[in-house]
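All remarks here apply to the structure that follows.
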Amino acid sequence: MKLSKPRGTRDFLPGEIARRRYVENTMRDVVIKWGYNEVMTPTFETLELFTLKSGDDIIGELYNFTDKGGREIALRPELTAPVMRMYVNKLQSKPHPLKLFYFENCFRYERPQKGRFREFWQFGTEVIGSDKPEADAEVIALAVNILDSIGVKGALHVGDLRIIRQLLSGLDNEQQTKVMRYVDKNDDTGLDEYLEEIEVPAETRRNLFELISLQGSDALKKAREITGNIPELDNFEELLKLLDFYGLDYTIDFGIARGLDYYTGMVFEIYAEGLGAQNQVCGGGSYQLIKLFGGGEVPSTGFGIGFDRIMEVASIEPEEPKKMVVVSTDSTRFEAINIANRLREVYTTHVDIMKRNFKSQLSFANMVEADYAVIVGEREIESGKLTLKNMHTGEQCSMTVDEIINMD
RNA sequence: GCCGGGGUAGGGUAGCGGUUAUCCUGUAGCCCUGUGGAGGCUAUGACCCGAGUUCGAUUCUCGGUCCCGGCCCCA
């Protein structure tokens, strides 16, 4: 009987995982250069960590279970909450800003489809301790930089929830959240009905609809016409100046709500082409979670990149190291092992472990697309010079092991 | 959670109410223990699962499951 893997999970075969590691390492190099430090949190956490910010509704999307000690546990669906929990537990007394990054697998009980799996990988960063536009701008620039480094071009959309919130300041928190939810879903009809239901004045309603439809270059100006000169807009304008300075192309978009999440200020999303319905490859913003988790009033800002989606559109390929196959005869098998070990100082090297004959070993070299076959026969052992066969051209020459190791 | 389309060896496929289930490819071995890519031979290996209809189901029906795509939500 054949076993199958659970739904929404994947096996990564040799070539794929090599590509994934290469892209991962490229991204890693970028964030490290920007001064971010990697952190790692547990694969599972207490269920409460995730329900605290999102409510019990989120349980439907979680892999959760009761452990043998009766504890309610969930596999992490994302990493911002765990990292914030870790911060509150361990990092509050470190110098700020704290600049952290992570690359981990996450789990969500959802219907799998293109670019969506039940186990998926997120690459993300969190900056803790600054609510200044400089921090927001750096985080956005970093996200774009990372995508650039792996050859992904995306459309960057930037907004700020404080402006909508300002407009809705007459509503209580729960009502605001509900409004944001409709905005996030682009459900204009539902939104209108809800605003009607909670008796929002007609003018506010009009303004809200206008604000969330604002997109593009004159959006800021128009927003000012709607809300007046509020400090939130000054702040946003400062952010945009910084983004200009970073040389980023962006679209102002007050329609980004990320309403189900915990964002409170700047929000941004990056969309890539060629991914169908799941075209959002990066999402982030600034938020307040630390107080909720028992820490101080510390602002933070960050983003998550959907690594699996990135892999669909990343356009960089790893460089293969030179590959050698040591070919021996029955009488030189032991010497072949020694020689392979020497070659491994520099090259990826195979030696026969199937007791194959000479010809088959050469055939194997061909199959694995080796660059060179290093022939170790009795003649070579006697003369001390090995036969180096270039598998691409078929040319052969005699060289010592040391010469082969140093040939580049 | 909702709506479509699918599932035959490792990969790609043909077929059909009764076949030894087709072909290509892959892999392993041999022809061939000192020179790869070709060829020949051999081996390997499949009807997603369950129930129903039927004398008989891989084929028809239903349910499940998994994959693919869309909605929703997100990454």
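Chain letters run A, B, ... following the sequence lines, proteins first, then strands; residues in each count from 1.
- The aromatic rings of Phe236(A) and Phe254(A) lie tilted to each other, with the angle between the two planes from 30° to 60°.
- The base of G34(B) lies close enough to the side chain of Arg379(A) for a donor and an acceptor atom to sit less than 3.5 Å apart.
- Side chains of Ser360(A) and Ser363(A): a donor-acceptor N/O pair is absent below 3.5 angstrom, by distance only.
- Protein atom NZ of Lys5(A) is 16 Å distant from nucleotide atom P of U65(B), rounded to whole Å.
- Residue contacts shown for Gly124(A) are absent, as no nucleic acid heavy atom lies under 4.0 Å away.
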Hey, what are the protein-to-nucleotides 27-32 of chain B N/O distances that come in under 3.5 Å?
{"residue": "A28(B)", "atom": "OP1", "partner": "Arg356(A)", "partner atom": "NH2", "Å": "2.6"}

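- Contact annotation for Glu369(A): no contact, since no heavy-atom pair falls under 4.0 Å across all strands.
- Considering only side-chain N and O atoms, Arg7(A) lies under 4.0 angstrom from the phosphate OP1 or OP2 of C67(B).
- Scanning atom types as modelled, one donor and one acceptor separated by under 3.5 angstrom connect the side chain of Arg108(A) and the base of A75(B).
- Between G5(B) and A9(B), the distance separating the two P atoms is 22 Å to the nearest Å.
- Rounded to whole Å, the distance from CD on Glu312(A) to C1' on A75(B) is 13 Å.
- Contacts with RNA chain B (heavy atom under 4.0 Å) in residues 392-401 of chain A: Gly394(A), Gln396(A), listed by number.
- To the nearest whole angstrom, the two C1' atoms, one in G4(B) and one in C72(B), are 15 Å apart.
- Residue contacts for Tyr271(A): at a heavy-atom cut-off of 4.0 Å it reaches no nucleic acid atom on any strand shown.
- Contact annotation: Gln113(A) side-chain N/O to G69(B) OP1/OP2 distance is not under 4.0 Å.
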